[in-house]
Amino acid sequence: MALLASMASPARAQTSDIAATPDTEAPPAAEIVVTATRREPSGAMHPLDTGGYALTKSDWSDVLSGTSALALVKNLPGVTFTSTDAYGLDLSDGFLLVRGFRQNELAITFEGIPLNDGSYGSVTGTAPLNIGVATDIASVNISPGSAGVSTFSNTVNGGEMRYSIADPKPQFALDVTQGFGGNNSFVTSATVNTGRIGEAGPRMLFGIERISKDKYTGAGTQYMLRANAKLVQDVPWGDFTAFLSFARAEIWGYNNTSFDMLSKLGWNGTDISYPDYARAVFVASPENAGRSCGAYSCGELASLIPYDTGQATDDFVGNLTHRFNLTDRLSGSVMGYAAISKSNIEIADVSTPSQTGAPFSAQVWQTRPRRFGGTIELTWKGDRHILSAGAWIERVSSTSRFASYNEPMPGQGAPLRATGPYDVYGPAFQIANDSRWKTHSFQAYVRDVFKPSETLTIDAGFKAVGFSTDGGGIGPDRAPNGRLATTDLFLPRLSIDWRPNARTALYLDIAKTAVGYRVSPRGNIGPVSSAWAADSQELFDAALGTLKPEKDWNFTVGGYRRFGPVSISLDAYYGIILNRLLNGTSGPQFNPVRTVGIVPRSELVGADAIIGMKPFAWLDISQSVSVSKLRYRSDLVLAGDVTPLKGHFQPGYPGVSLVTQIGVKHGRFDAGATSTLYLDNPFTYTNDIYVPNYWQVNAHASYRLPKSGRLPELTFRIDANNALNRNNIGSVGIGGYSVSGDYQTFMRSAPRQFLLSINARI
């Protein structure tokens, strides 16, 4: 399979022996022992090959236990990650961008399962946050520039991320962590390795993780339960691997904010009004609309601050993989998988009163995607060539609707909870934007990893893709309905990696991508741009004549050089983005108005630099600088009107980011700090407003006690997230982006959060 081809290539494989002997050349492929990460004496993260990175737990040591899987790559150059809560538990406000591309524009896989569109309220994918136990994630392989032809996805415009759970150990092992933090935070995780059962039986890993905490402003709780299991059964010709994951989230959310709200209501005054139900009913009552409610009239305040908002989600994901060796040179794999999700996303809607007489109802966005797919791959290993080929097929059935449920009048019962149940006062009395879709995906690839010499690796291949979606609105309110498809039989990728010695590397990467049309319903609460999100069937039909599948070219050139205790990594990249589909957004967050159109051409230009130093055996220092701009080279046509976007930059993506890391390790003591600074971040499509600079410092320290007698190995740790307690604006574009002017679409980042944890290992 393609993974075997990658591992066999000296361009990707590194060992501690190579790092220790800088003047020697890389040994032949047959002698290389592959490790999950490459760490030079400088201690800095740097490209493994053609700009790719292989991260392990030591690379994300500054994140809190149980944090979103997306945060594990946040310290890499060209990567930005923001969230409202310190753990990234809220799907609506955990934003990851890699060189200008959002998480739903990357190829993300988990245990080989394509996640596709993992955004908020997705109807075609699974969010990385809702799969796998975070403490069981052993590695993340990320290629920021472009995805390999052997990585399966229908959403990829840019790079790729591949998550892997730790393999079950051959011996019994138990790992338990208990954390206590601010806002009544409790983080509990446990992982059990059964060891090999019998002489030739399976190895199994079981993990569970529970996070519960209060919100840091207002009221409400946030709860996440994750569980996963992994089984490996070795057989003489290969192995069978089974993986299963379940996640349950019950999240009371924070309110979207605008700059006007922030200035008039203060930093802690923009959140939901829960649990003061009587006050919320008074503010939202029509007869009080003209009264003063402080900085706003009551009518204005009711549309800006809902009584409550939140989400309840369930995600099941699993696969069965068989890896086999047919001959000494020919091997392969076959995998089947399923992913089923259920999301209920609630917000108090003052535009739709309850039938009970209450001035608002609970609007619940209900999505139900069901995905089934499979892959097959074959790899032939020659003396200088490793040839591989494979195919992927996936079928998705998904539904989406907005259901309105009754809230009671004050004194006639308890109000509904943002996390449900919602039918306490009867079934939904109104259904809007009821939609059904069928999405089909196909991808096939051919790849050759060629080594003309011991220092040069050429990785060339292409993929053919076919993506189609049929469906849309089926209700009487006529949400957009139609068919959109993408087909491209030749999407090439070429990577060249030259390593004249263990201290030096130069690489070039060129790739073309094509994606399926993103699917999201009318009224969606999020930044996903979709033709089906248009405000009417007429707007959808009018856009069909102009819509074209988005296709991108990505070019990357870079290198790495080590000078004793100092290492330097540099890269530059350029992207051509054709036919980017955008939604212009306006209106309140519970009833957004969206139009649809494309920008025929955009360009992405950027560069990254990392300098790593290890002046002493116990000290690691690294500094990364990234400069990146996605500029629209054409205007946007929305509903027949031309919006002058030409020359403007993509909103929600910082143009400059700087990450400083310091690590100290001496004996059993380990400590570190990370400073992250984001600058030059446009807020709107026309760049008339910019987001204030973001600066966050995280720090941690731990001490390990070795196993003694009957006592297990113990590690005591303290974490400080946002240690300087700065007021940062974090995720931007939660409700989409306005063409120009202020809009209620960002959230604050968490204030300083502490977590004290104790880990025991047997």
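What you see is a predicted model, and the numbers here were worked out from it, not measured in a lab. Residue indices begin at 1 and follow the sequence shown.
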Undergrad: Scan side-chain atoms only and decide if Arg478 and Gln537 contain a donor-acceptor pair under the 3.5 Å cut-off.
TA: no
Undergrad: Parallel, tilted or perpendicular for Trp365 and Phe402, by the 30°/60° rule?
TA: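 The rings of Trp365 and Phe402 lie parallel, inter-plane angle below 30°.
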Undergrad: Before you tell me yes or no, could you show the steps for Leu76 and Ile142 under side chain to side chain contact (heavy atoms under 4.5 Å, CB included), namely the whole-Å CA-CA distance, both residues' side-chain angles and the distance that decides it to 0.1 Å?
TA: CA-CA 10 Å; Leu76 287 175; Ile142 175 171; 3.3 Å; yes
Undergrad: Checking the side chain of Arg518 only, and the main-chain atoms of Thr155 only, is there a donor and an acceptor separated by less than 3.5 Å?
TA: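 It does hold such a pair.
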Undergrad: Got a second to check how far Phe683's CZ is from Ser738's OG, nearest 0.5 Å?
TA: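 Taking CZ in Phe683 and OG in Ser738, the distance rounds to 6.0 Å.
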Undergrad: Got a second to check how far Tyr573's OH is from Leu604's CG, nearest 0.5 Å?
TA: 5.5 Å
Undergrad: If we ignore angles and hydrogens, is there a donor and acceptor under 3.5 Å between the side chains of Thr469 and Thr439?
TA: yes
Undergrad: Is a side-chain N or O of Asn579 found less than 3.5 angstrom from the main chain of Lys548, in a donor-acceptor match?
TA: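 No; zero donor-acceptor contacts below 3.5 Å.
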Undergrad: Checking Asn344 against Arg368: is there a side-chain donor and acceptor pair closer than 3.5 Å?
TA: yes
Undergrad: So, Thr684 and Ser740: side-chain donor and acceptor under 3.5 Å apart, yes or no?
TA: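 No, Ser740 and Thr684 have no side-chain donor paired with an acceptor closer than 3.5 Å.
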Undergrad: Are the side chains of Asn433 and Asp477 in contact, using a 4.5 Å heavy-atom criterion?
TA: yes
Undergrad: Is there a donor-acceptor pair closer than 3.5 Å between any side-chain N or O of Ser143 and the backbone N or O of Gly145?
TA: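 Judged by distance alone, no pair lies under 3.5 Å.
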Undergrad: Within a reach of under 6.0 Å around NZ of Lys646, are more than 12 heavy atoms found that belong to other residues, nucleotides or ligands?
TA: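 At most 12 heavy atoms, drawn from other residues, nucleotides or ligands, come within 6.0 Å of this atom.
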Undergrad: Can we say Asp470 and Lys438 salt-bridge, meaning some charged N sits less than 4.0 Å from an Asp/Glu carboxylate O?
TA: no
Undergrad: Ignoring hydrogens and geometry, is there a side-chain-to-backbone donor-acceptor pair from Ser536 to Leu539 under 3.5 Å?
TA: yes
Undergrad: Between Asn228 (side chain only) and Leu244 (backbone N and O only), is there a donor and an acceptor less than 3.5 Å apart?
TA: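 A pair under 3.5 Å: no.
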Undergrad: Report the distance from atom CD1 of Ile108 to atom CE of Met161, rounding to the nearest 0.5 Å.
TA: 5.0 Å
Undergrad: Heavy atoms only: give me the nearest Val449-Thr457 pair and the separation to one decimal.
TA: CG1-CG2, 3.8 Å
Undergrad: For Arg436 and Ser397: C-alpha separation, side-chain torsions, deciding distance, then whether side chain to side chain contact (heavy atoms under 4.5 Å, CB included) applies.
TA: CA-CA 8 Å; Arg436 304 286 187 275; Ser397 299; over 6 Å; no
Undergrad: What pair of heavy atoms forms the shortest contact from Ala247 to Asn130, and how long is it?
TA: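 Heavy atoms of Ala247 and Asn130 come nearest at CB-O, 3.4 Å.
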Undergrad: Which atom pair, heavy atoms only, marks the closest approach of Ala147 to Ala107?
TA: CB-CB, 4.0 Å
Undergrad: Does the pair Leu106 and Glu160 meet the rule for a side chain to side chain contact (heavy atoms under 4.5 Å, CB included), with working shown?
TA: CA-CA 5 Å; Leu106 305 173; Glu160 67 177 60; over 6 Å; no
Undergrad: Between Ser628 and Ser626, does the side-chain hydrogen bond (donor to acceptor under 3.5 Å, both in side chains) criterion hold? Intermediate values first, please.
TA: CA-CA 6 Å; Ser628 185; Ser626 299; over 6 Å; no
Undergrad: Just wondering, more than 12 heavy atoms not from Arg370 lying within 6.0 Å of its CZ?
TA: no
Undergrad: Among Thr313, Thr126, Val317, whose side-chain contact (heavy atoms from CB on, under 4.5 Å) with Ser341 holds?
TA: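 For Ser341, the side-chain contact (heavy atoms from CB on, under 4.5 Å) check succeeds only for Thr126.
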Undergrad: Would you call Thr67 and Lys74 a side-chain contact if the rule is heavy atoms closer than 4.5 Å?
TA: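 Result no, sub-4.5 Å side-chain heavy-atom pair not found.
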Undergrad: Between Asp535 and Arg522, does any NZ, NE, NH1 or NH2 come within less than 4.0 Å of an OD or OE carboxylate oxygen?
TA: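 Judged by the 4.0 Å cut-off on N to carboxylate O distance, Arg522 and Asp535 do not form a salt bridge.
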Undergrad: Quick test of your reading of the model: are Arg99 and Asp571 salt-bridged, counting only N-O distances below 4.0 Å?
TA: yes
Undergrad: Where do Pro682 and Tyr653 come nearest, in terms of heavy atoms and distance?
TA: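 Minimum heavy-atom separation between Pro682 and Tyr653: CD-O, 3.7 Å.
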Undergrad: Does the Ser122 side chain pair with the main chain of Ser119, one donor and one acceptor, at a distance under 3.5 Å?
TA: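 Absent.
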Undergrad: How long is the straight-line distance from CD1 of Ile576 back to OH of Tyr574, given to the nearest 0.5 Å?
TA: 4.0 Å
Undergrad: Distance-only, no hydrogens or angles: does the Thr745 side chain make a donor-acceptor pair with backbone N or O of Ile734 under 3.5 Å?
TA: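 Checking the backbone N and O of Ile734 against the side chain of Thr745, a donor-acceptor pair under 3.5 Å is found.
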Undergrad: Over 60° means perpendicular and under 30° means parallel, so classify the ring planes of Tyr678 and Tyr694, tilted if in between.
TA: parallel
Undergrad: May I have the step-by-step check of side chain to side chain contact (heavy atoms under 4.5 Å, CB included) for Phe467 and Thr487, ending in yes or no?
TA: CA-CA 6 Å; Phe467 310 126; Thr487 301; over 6 Å; no
Undergrad: Count the heavy atoms of every other residue, nucleotide or ligand shown that sit under 6.0 Å from NZ of Lys629, and state whether that count exceeds 12.
TA: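 More than 12 heavy atoms, drawn from other residues, nucleotides or ligands, come within 6.0 Å of this atom.
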Undergrad: Could you walk me through whether Tyr685 and Gln650 pass side-chain hydrogen bond (donor to acceptor under 3.5 Å, both in side chains), step by step?
TA: CA-CA 6 Å; Tyr685 282 120; Gln650 171 182 267; over 6 Å; no
Undergrad: Indicate yes or no: at least one non-hydrogen side-chain atom of Tyr120 is less than 4.5 angstrom from one of Val528.
TA: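 No, every pair of side-chain atoms sits at 4.5 Å or beyond.
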Undergrad: If we only count heavy atoms from C-beta on, is the Trp437 to Ser398 side-chain gap below 4.5 Å?
TA: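 Yes; the side chains approach each other to less than 4.5 Å.
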Undergrad: Between Arg633 and Glu603 (salt bridge meaning N to carboxylate O under 4.0 Å), is one present in this structure?
TA: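 Looking at Glu603 together with Arg633, the answer is yes, because their closest N to O distance falls below 4.0 Å.
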Undergrad: Would you mind checking if Asp552 and Lys512 are paired as a salt bridge, meaning a charged N to carboxylate O distance below 4.0 Å?
TA: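 Answer for the salt bridge query: no.
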Undergrad: Check whether any side-chain heavy atom of Ser624 sits under 4.5 Å from a side-chain heavy atom of Asp608, and report yes or no.
TA: no
Undergrad: At what distance, to the nearest 0.5 angstrom, does OH of Tyr507 lie from CG of Asp497?
TA: 9.0 Å
Undergrad: With no hydrogens and no angle check, do the side chains of Asp117 and Gln103 hold a donor and an acceptor under 3.5 Å apart?
TA: no
Undergrad: Measuring from Ile131:CD1 to Leu115:CG, what's the distance to the nearest 0.5 Å?
TA: 5.5 Å
Undergrad: Should Asn157 and Arg580 count as side-chain neighbours, where that means a heavy-atom distance under 4.5 Å?
TA: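 Contact flag for Asn157/Arg580 side chains = yes.
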Undergrad: Taking Leu89's backbone N and O only, do any of them form a donor-acceptor pair with Ser68's side chain (distance below 3.5 Å, no angle check)?
TA: no
Undergrad: Between Ser731 and Asp93, does a side-chain hydrogen bond (donor to acceptor under 3.5 Å, both in side chains) hold up when you go through it step by step?
TA: CA-CA 6 Å; Ser731 302; Asp93 56 52; 5.2 Å; no
Undergrad: Name the residue from Asp509, Asn554, Thr151 that meets the side-chain hydrogen bond (donor to acceptor under 3.5 Å, both in side chains) definition with Ser146.
TA: Asp509
Undergrad: Look only at the side chain of Ser468 and the backbone of Ala485, and say whether a donor-acceptor pair between them is shorter than 3.5 Å.
TA: no
Undergrad: For the residue pair Ser153 and Asn116, establish whether any side-chain heavy-atom pair is separated by less than 4.5 Å.
TA: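 When only atoms from C-beta onward are counted, Asn116 and Ser153 do touch, with a gap below 4.5 Å.
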Undergrad: Determine, using ring centers only, whether Phe490 and Phe462 are less than 6.0 Å apart.
TA: yes
Undergrad: Would the distance check show the side chain of Arg447 and the main-chain N or O of Gly390 forming a donor-acceptor pair, the cut-off being under 3.5 Å?
TA: no
Undergrad: Flag the pair Asp488 and Lys463 as a salt bridge only when some basic side-chain nitrogen lies within less than 4.0 angstrom of an acidic carboxylate oxygen.
TA: no
Undergrad: Does the side chain of Ser333 come within less than 4.5 Å of Met335's, by heavy atoms?
TA: no
Undergrad: When you check the gap from the basic side-chain N to the acidic O, do Arg162 and Glu111 get nearer than 4.0 Å?
TA: no
